[in-house]
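Encoded as structure tokens, the structure appears first; notes follow it.
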Amino acid sequence: MENLIVKSPGRINLIGEHTDYNDGFVLPTAIDKAITLSFAKNDSEYNFEVFSKDLGKSFQTDLRKLEPQDSGWENYILGVIDGLQQRSDKLSGFNCSLKSDIPIGSGVSSSAALECGIAVGLNEFFNLGLDPISLVKIGQKAEHNYVGAKCGIMDQFASVMSRVGHVILLDCRSLDYTYVPLELGEYCFLLVNSHVHHSLASTEYNVRRQQCAEAVAIIRKSYPEVGSLRDVTTTMLEEYKNVLTDTLYRRSKFVVEENLRVLDAVTALNSVDLPNLGALLYQSHTGLRDEYEVSCPEIDYLVDFTRDNPEVLGSRIMGGGFGGCSLNVIHKKAVSNLISRLAPAYKQEFGKTLSWFVAKPSGGTSFSWT
Ligand code: GLA
């Protein structure tokens, strides 16, 4: 029997953070770091086994007995298989092995890559016939129902749907999308890993979602057409400044402005105006730090370190927040000089060792038979 090899990438998000679950816009792309999954049939009708080469661990389960575990990487997989089985009865016994070079807990969506790798892989392996967007949604649901993180759709969408050399402008309400070409010239995307590990399942992410919903419920009292923060204008928001609590006002202000920044970033990319793009990244960071309050001192330090450096056009915390990586738009030739100054300074300040990599905008999940 043939084996199926699937490559499922992590992602970066150029701008548009915490906008996806507010029905807003995002601008992500997959990167050249991925989980490689290999699928083979076994003799069983219902048993499957998944082996992680990185962890040196495996688990086995019966397809008829899926349920969330207390915690752990198994949940991403179990949740996806459960979602697939709700749409199809064609799964049977299989073995899968995984190997990843996506840094875990760094805000580059190793979890979405795992979910989508399993979803795309099993869809292909068992010829389930599900379309890519359905697989994206199954990945997102697995995270909601098995992992407990009420994430938006950006990460799974980027992992599956990306196109080499482009970012995706995704409208998270309609799921309409367009590919925006990235003409970076002498510049690149440098990810600097703070090694502060976030956990998306940690309560703060879900708290932010809840706060956004509370703000919408209040604004809807006089604007019934508002279904989410996507529909709130800056004028409406100012009207509500003294009605909303200070926290809810700041959360909403960030989301409303971040949505506008995504559209401005697309204009900047289309006119190859990288300095303007970079300025938007810095603005996004300030909002994430002061209004949405999802940054941390370590990442603020990494971003601040770049501010007076003319070779760095923009820098911000990326992903769910509370740690992970900063995303920097930097001149290719300036990377080693920045790191040689930043790494010792960071070590001195926080006692932590930095790591970094240049992320190449890449295509979405791919597969081949061997
Ligand atoms: C995580 C979630 C995404 C998105 C980002 C923040 O990566 O999985 O859905 O909300 O945080 O933009």
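Quick caveat, the model's predicted, so the values are computed rather than measured. Order of appearance sets the numbers: ligands from 1, and atoms from 1 within every ligand. Throughout, numbering of the chain's residues begins at 1 and tracks the sequence. Hydrogens, waters and symmetry mates play no part in the numbers below; they use all other heavy atoms, side chains included.
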Close aromatic pair by centroid cut-off 6.0 Å: Tyr76 and Tyr146: no
Should the proximity of Arg11 to ligand 1, defined as any heavy atom under 4.0 Å, be assigned to the side chain, the backbone, both, or neither? side chain
When rounded to the nearest 0.5 angstrom, what is the spacing between CZ in Phe25 and SG in Cys172? 9.0 Å
Proximal atoms of ligand 1 relative to Asp155 (non-hydrogen, under 4.0 Å): 1 (C), 2 (C), 3 (C), 7 (O), 8 (O)
Centroid-to-centroid, Tyr179 to Tyr177, below 6.0 Å? yes
Check whether Ser271 reaches the backbone of Thr267 with its side chain - one donor and one acceptor, N or O, closer than 3.5 Å. yes
Judged on heavy-atom distance to atom 3 (C) of ligand 1, which of Val294, Val26, Asp20 sits nearest? Asp20
Under a 4.0 angstrom heavy-atom cut-off, which atoms of ligand 1 come close to Tyr21? 10 (O)
May I ask you to check whether Thr19 has an N/O atom sitting below 3.5 Å from an N/O atom of ligand 1? no
Using a strict cut-off of 4.0 Å, indicate which atoms of ligand 1 neighbour a heavy atom of Gly152. 9 (O)
Please could you name the atoms of ligand 1 that Gly319 approaches to less than 4.0 Å, counting only its heavy atoms? 6 (C), 11 (O)
Should you measure from each heavy atom of Cys151, which atoms of ligand 1 turn up under 4.0 Å away? 2 (C), 8 (O), 9 (O)
Quick check: does any side chain N or O of Asn328 sit under 3.5 Å from a backbone N or O of Ile330, one acting as donor and the other as acceptor? no
Just checking Lys241: does its NZ atom have more than 12 heavy atoms from other residues, nucleotides or ligands closer to it than 6.0 angstrom? no
Ligand 1 atoms nearer than 4.0 angstrom to some heavy atom of Met154 are 4 (C), 5 (C), 12 (O)
Six-ring centre of Tyr205, Lys150 cation under 6.0 angstrom, axis tolerance 45°: no
Please say whether Tyr205 places an N or O atom under 3.5 Å from an N or O atom belonging to ligand 1. yes
